[in-house]
Engineer: 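The structure follows.
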Amino acid sequence: MKIGIIDADLIGRKKHRFPNLVCEKISGYWKEKGAEVYLLMDYNLPDFFDYVYIAKVFTDTPVPDFINKLIGKKDNPNEKVKIGGTGFYFDKAPNLPAEIEHHMPDYHLYDEWIKNEVSRACKEAEQKGKVFNKSKFMTQFKEYTDYSIGFITRGCFRKCKFCVNQKFDHVFVHSPLREFLDPSRKKLCFLDDNFLGCPQWKSLLEEIISTGRQFKFKQGLDERLLTEEKCRMLFNSKYDGDFTFAFDNISDYELIHEKLKMIRKYNQKKSVKFYVLVGFESTDAKDIENAFKRVELLLCYRCLPYIMRYMDKNNTPWKQSKYRALYVTIARWCNQPSIIKKMSFRDFCEANQALHKNKNTLCSAMKSMVDFENEYPEIAARYFDIRFGEDNLNITK
Ligand code: SF4
């Protein structure tokens with residue numbers, strides 16, 4: 001048997017650097033059956049493959065038209081091409097068969113591709129007369145090389161309207177650690193939707209901690225569910241990198257404020273990041289104000305906001321907004337930790353203007369700020385000068 005696997009995000013997204021777990025599980029399943037498995041880097045789909053699996057996670061990853069036309073066709077056993085993933089089906093993505101879903105991932109599916117990337121970069125450096133730093137170059141592949149990856153739990157009960165996780169109304173135990181833990185890999189990466197919402201979170205977290213490995217929850221954790229006990233365990237663990245949460249709704253402001261106090265009590269050292277969803281409920285001045293209000297609270301607690309501009313498979317509302325350039329500027333300000341830690345929004349726009357070649361015109365960042373300030377001076381006065389770590393809200397009193 002010959003099996004082809006296409007990770008559509010790898011082909012279609014230039015900077016994409018995260019293994020597709022479904023592709024790795026399919027590869028592991030077929031390799032165990034003695035099949036030859038190939039990671040394909042184009043859509044030529046030669047006839048000698050018995051099956052070609054195509055998976056994608058992101059809805060906006062481009063794929064050839066003939067692939068899109070196959071979406072939704074009934075699964076025909078004679079059909080060679082199998083398509084799956086939220087990138088194609090959004091919240092209606094069919095489940096994998098249990099024997100694949102619960103198979104040990106093939107963590108070596110991407111080895112050849114990584115090897116090729118390294119030799120390409122090495123040659124490029126040689127041609128330019130530069131020294132090739134392999135270990136630095138390899139850091140971009142760390143999720144392919146250093147981590148065991150899986151879902152300890154699945155499901156979420158919140159059913160946020162903007163989220164693909166609509167299938168379930170509770171969180172449940174999905175894969176035991178041993179199902180995807182490769183003892184040769186020093187770290188763990190979990191893709192759980194809402195781990196803290198699982199009734200068995202405590203015993204699961206104890207098991208994770210007992211492996212002695214660094215671990216992270218790639219999709220973030222639900223800070224609204226934090227308790228003193230959860231904080232104690234989490235913030236004393238070997239967590240890998242930043243703790244990541246989400247502050248999607250302004251209506252959660254008071255609750256998040258309470259949880260931020262709790263986070264600060266148990267965590268003084270580690271960086272804490274919050275996704276801040278914008279452009280979902282509206283794309284007007286109210287949405288901009290709500291974004292700044294959430295950012296302000298986070299900055300007061302020395303947390304890093306990360307602006308997520310809402311999009312689904314058909315729409316990208318912020319792009320149609322009259323504040324399109326402002327959304328871009330806010331995201332550029334917030335999503336670069338080294339910038340937001342040092343600059344207010346106004347500083348950032350002024351710094352952009354200083355670098356602008358044509359001094360007689362305003363750069364896009366500056367123009368977006370000035371236009372909004374002229375229209376809504378009170379909002380600008382309230383938020384454009386806030387700074388990371390400044391106690392604007394008198395939270396220490
Ligand atoms: S809490 Fe997170 S995982 Fe659950 S529905 Fe909302 S966004 Fe999705």
Side-chain angles (χ1 to χ4, degrees), residues 18 20-22 56-60 85-95 101 149-175 189-201 204-205 208 215-227 230-231 234 239 241-260 262-263 272-282 287 290-291 294-295 297-298 303-318 331 334-335:
F18 195 82
N20 185 303
L21 185 59
V22 167
K56 74 167 179 161
V57 173
F58 299 99
T59 51
D60 62 336
T86 50
F88 288 113
Y89 294 99
F90 205 57
D91 58 340
K92 307 277 183 308
N95 294 339
E101 176 63 38
I149 303 175
F151 287 88
I152 288 278
T153 69
R154 281 256 195 200
C156 182
F157 54 89
R158 293 210 186 265
K159 295 194 184 290
C160 304
K161 287 198 190 97
F162 50 80
C163 179
V164 294
N165 291 314
Q166 303 290 334
K167 262 192 224 169
F168 307 103
D169 54 13
H170 64 297
V171 188
F172 51 91
V173 178
H174 183 67
S175 293
C189 175
F190 304 116
L191 305 181
D192 301 35
D193 308 314
N194 195 343
F195 176 79
L196 295 179
C198 182
Q200 293 87 349
W201 70 269
L204 295 171
L205 187 55
I208 293 165
F215 65 94
K216 64 178 173 188
F217 286 91
K218 174 90 175 149
Q219 316 285 45
L221 290 161
D222 189 339
E223 69 296 325
R224 291 163 293 186
L225 301 175
L226 284 175
T227 59
K230 284 171 177 160
C231 283
L234 263 179
Y239 202 81
D242 298 348
F243 285 96
T244 308
F245 302 99
F247 189 175
D248 295 323
N249 302 310
I250 193 76
S251 55
D252 289 329
Y253 190 91
E254 292 309 328
L255 180 61
I256 300 280
H257 198 167
E258 286 308 306
K259 301 302 177 185
L260 283 167
M262 206 184 271
I263 291 173
V272 178
K273 188 166 89 184
F274 275 77
Y275 292 123
V276 174
L277 182 75
V278 299
F280 175 67
E281 283 177 6
S282 66
D287 190 58
N290 285 346
R294 285 175 288 162
V295 168
L297 180 61
L298 295 173
C303 293
L304 292 168
Y306 188 95
I307 300 290
M308 300 282 285
R309 284 163 283 175
Y310 173 74
M311 60 182 288
D312 64 22
K313 68 175 189 293
N314 303 316
N315 299 306
T316 313
W318 67 270
C334 286
N335 299 359

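Values in this document were obtained by computation on a predicted structure and should not be read as measured data. In listed order, ligands and their atoms are each counted from 1.
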Engineer: With under 30° as parallel and over 60° as perpendicular, where do the rings of F190 and F215 fit, or are they tilted in between?
Structural biologist: tilted
Engineer: Should the pair F280 and Y310 be assigned to parallel (<30°), tilted (30 to 60°) or perpendicular (>60°) ring geometry?
Structural biologist: perpendicular
Engineer: What heavy-atom pair brings K259 and E223 nearest, and what distance separates the two atoms?
Structural biologist: CG-O, 3.2 Å
Engineer: Evaluate the ring planes of Y239 and F243, with Trp represented by its six-membered ring, and classify them as parallel (under 30°), tilted (30 to 60°) or perpendicular (over 60°).
Structural biologist: parallel
Engineer: Partners of F245 by ring pair (Phe, Tyr, Trp, His ring centres under 6.0 Å), sequence neighbours excluded?
Structural biologist: F274
Engineer: How many protein N, O or S atoms sit closer than 2.8 Å to atom 6 (Fe) of ligand 1?
Structural biologist: 1
Engineer: With heavy atoms only and a cut-off of under 4.0 Å, state how K161 meets ligand 1: side chain, backbone, both or neither.
Structural biologist: neither
Engineer: Is the backbone of T153 close enough, under 3.5 Å, to the side chain of D192 for a donor and an acceptor to pair up by distance?
Structural biologist: yes
Engineer: Which atoms of ligand 1 have any heavy atom of R224 under 4.0 Å away?
Structural biologist: 1 (S)
Engineer: Which heavy atom in N335 sits nearest to a heavy atom in P305, and how many Å separate them?
Structural biologist: OD1-O, 4.2 Å
